[in-house]
Protein chains: 2
Amino acid sequence: MESTKGKALSMPTIKRLPAYLNVLRRLAREGAELVSTTTLIDELGLEPVLVRKDLASLGLAGKPRLGYPLKELVAGIEAGLGWNKADEAFLFGAGSLGRALLGYKPFEENGLKIVAAFDADPAKVGQELHGKPVLPLSEAEELLRRMAVKVAVLCVPAEAAQPLADMLVPCGVRGIWNFSAAKLKVPEGVVCHNEDLCCGLAVFTVKMKNA
Amino acid sequence: MESTKGKALSMPTIKRLPAYLNVLRRLAREGAELVSTTTLIDELGLEPVLVRKDLASLGLAGKPRLGYPLKELVAGIEAGLGWNKADEAFLFGAGSLGRALLGYKPFEENGLKIVAAFDADPAKVGQELHGKPVLPLSEAEELLRRMAVKVAVLCVPAEAAQPLADMLVPCGVRGIWNFSAAKLKVPEGVVCHNEDLCCGLAVFTVKMKNA
DNA sequence: TAGATTGTTAATCGATTAACAATC
DNA sequence: TAGATTGTTAATCGATTAACAATC
């Protein structure tokens, strides 16, 4: 019973949408109103049919010969990704990766609003990073409940990730974006997405080996 | 004419290998010598056949009933990923993401040795981050050639990425790991791998929407 | 009308899963 | 020998590509 019509988004489609959005938003800033897929195809080097199928799976339609209405495209993709309303999130682990994500602009513009960071290390607590406070980990439970925060970004060492997740879930966290190398076990109904930068490195190094 | 026997690695296989390596290295530290795929399956929640096919595609063989020799597994995966010899790399853009990657331990242990950072902003130049110097961008060309550095990690703003790539390639850079949102055009023979954190965010937010 | 672009249906390709054989 | 695990071959599933129809 999803609100968006069209088929469910496939994983490859989901991963292509942010790139579409990048190009389309720029075109919108430049004042375009209608856009044909050829623009996306040229800029991103994709197959025409692929792009149109992706858009169709979002329930978006264009006009032959003219193209798609740009505003609807942008809004449709944002809605499809859930980027139209920004969730408030807490970040855990104010190491260098955590600090980088805390200040990472594209997240704010795209459905993820990190409002505070937490760290177990008293030396890291108290500072403000990118305008967001670093608070003691011990305060996390109460704040999660009081602010009804549903999303957590994990940048803690691998050993600390599972115990932390076990604390977060009972506090109402429904989504965990995990940048640690640990593979987390979470109960049914809680979303956990692992973002291991080493997977990206693996793809890169293999590509280089084969080049 | 690759040295490793077995079929070429598929993209999904490549992305699973780092997780295998994580588990296997820990088992090796714990003193194991033979390991059956059931361990990997349990820890990572994967299909048994998938794991064995992945290992077979690396040319690795086990003994029925006993398992695979752990050392050979680790060495085989490292070799398959090209993680057995660490490439020297330069990082461009010493913003917060760049600084985080500069100090990201897993890279050093896995075939990517970032030895210096470069930035166009004089205010960022001169400092040492994680024991690595931040140098003025103007020195990059000469140093790339002199040190024969073949790998570049890009953490610059999207607008700066393409001009930078155009400068790097003539200096001998053969691989570009691009953390900016820009889609780069590079000549044949130069590897460019885009690592857009927003793709990961997209997968995460859609998962949450559907949960 | 002609032509470009959208939209759909069928064919291909690749990865995962299933079933089973081989072996220590 | 019996049983667990490896290894292989065939079936399924999903995504991409190709071919073509529809429409502004």
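Because only heavy atoms are used, hydrogens play no part in the values below, and waters and symmetry mates are left out as well, while side chains stay in. Residue numbers start from 1 in every chain, and the chains themselves are labelled A, B, ... in the order their sequence lines are given, proteins ahead of strands.
The aromatic rings of A:Phe118 and A:Phe92 lie parallel to each other, with less than 30° between the two planes, well short of the 60° mark.
Toward the 5' end of DNA chain D, the nearer of the two residues A:Arg16 and B:Gly62, judged by each one's closest nucleotide, is B:Gly62. With the nearest nucleotide of DNA chain D identified for both A:Asp54 and B:Leu60, B:Leu60 has the one nearer the 5' end.
When rounded to the nearest whole Å, the span between CG of B:Leu73 and C1' of D:dT5 equals 14 Å. Rounded to an integer number of Å, the gap from CD1 of A:Ile41 to P of D:dT16 is 14 Å. Computed from coordinates, the B:Leu70 CG to D:dT6 P distance equals 13 Å when rounded to whole Å. The interatomic distance linking B:Leu55 (CG) with D:dT8 (P) rounds to 12 Å, in whole Å. Atoms CG (B:Asp42) and C1' (D:dA4) sit 14 Å apart, rounded to a whole Å. Counting to the nearest Å, the P atom of C:dA4 and the CG atom of A:Leu34 are 18 Å from each other. Atom pair B:Lys15:NZ and C:dA15:C1' shows a separation of 13 Å (rounding to whole Å applied).
Judged purely by atom type and a 3.5 angstrom limit, A:Glu141 has no side-chain atom pairing as donor or acceptor with the backbone of A:Cys171. The backbone N or O of A:Val191 lies less than 3.5 Å from no partner atom in the side chain of A:Arg174, so there is not a single donor-acceptor pair. In this structure, the side chain of B:Asp119 does not engage the main chain of B:Lys124 through any donor-acceptor pair within 3.5 Å.
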Original post:
Yes or no on side-chain contact (heavy atoms from CB on, under 4.5 Å) for B:Leu112 and B:Tyr104, after CA distance, side-chain angles and deciding distance?
Top reply: CA-CA 10 Å; B:Leu112 186 78; B:Tyr104 197 60; over 6 Å; no

Original post:
Can you check side-chain contact (heavy atoms from CB on, under 4.5 Å) on B:Arg26 and B:Glu43, steps first, answer last?
Top reply: CA-CA 12 Å; B:Arg26 198 195 62 229; B:Glu43 294 231 17; 2.5 Å; yes

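Close to D:dT6, at under 4.0 Å from its OP1 or OP2, lies a side-chain N or O of B:Thr37.
Between atom CG of residue B:Leu81 and atom CG of residue A:Leu201 there is a gap of 8.5 Å, rounded to the nearest 0.5 Å.
Nucleotide D:dT9: paired with C:dA18 (Watson-Crick or G-U wobble, both distances less than 3.5 Å). Base-pair partner of C:dA4: D:dT23 (Watson-Crick or G-U wobble, both distances under 3.5 Å).
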Subject >> Base versus backbone protein contacts along nucleotides 17-24 of chain C [heavy-atom cut-off under 4.0 Å; B, S, -] >> reply: BB----BB

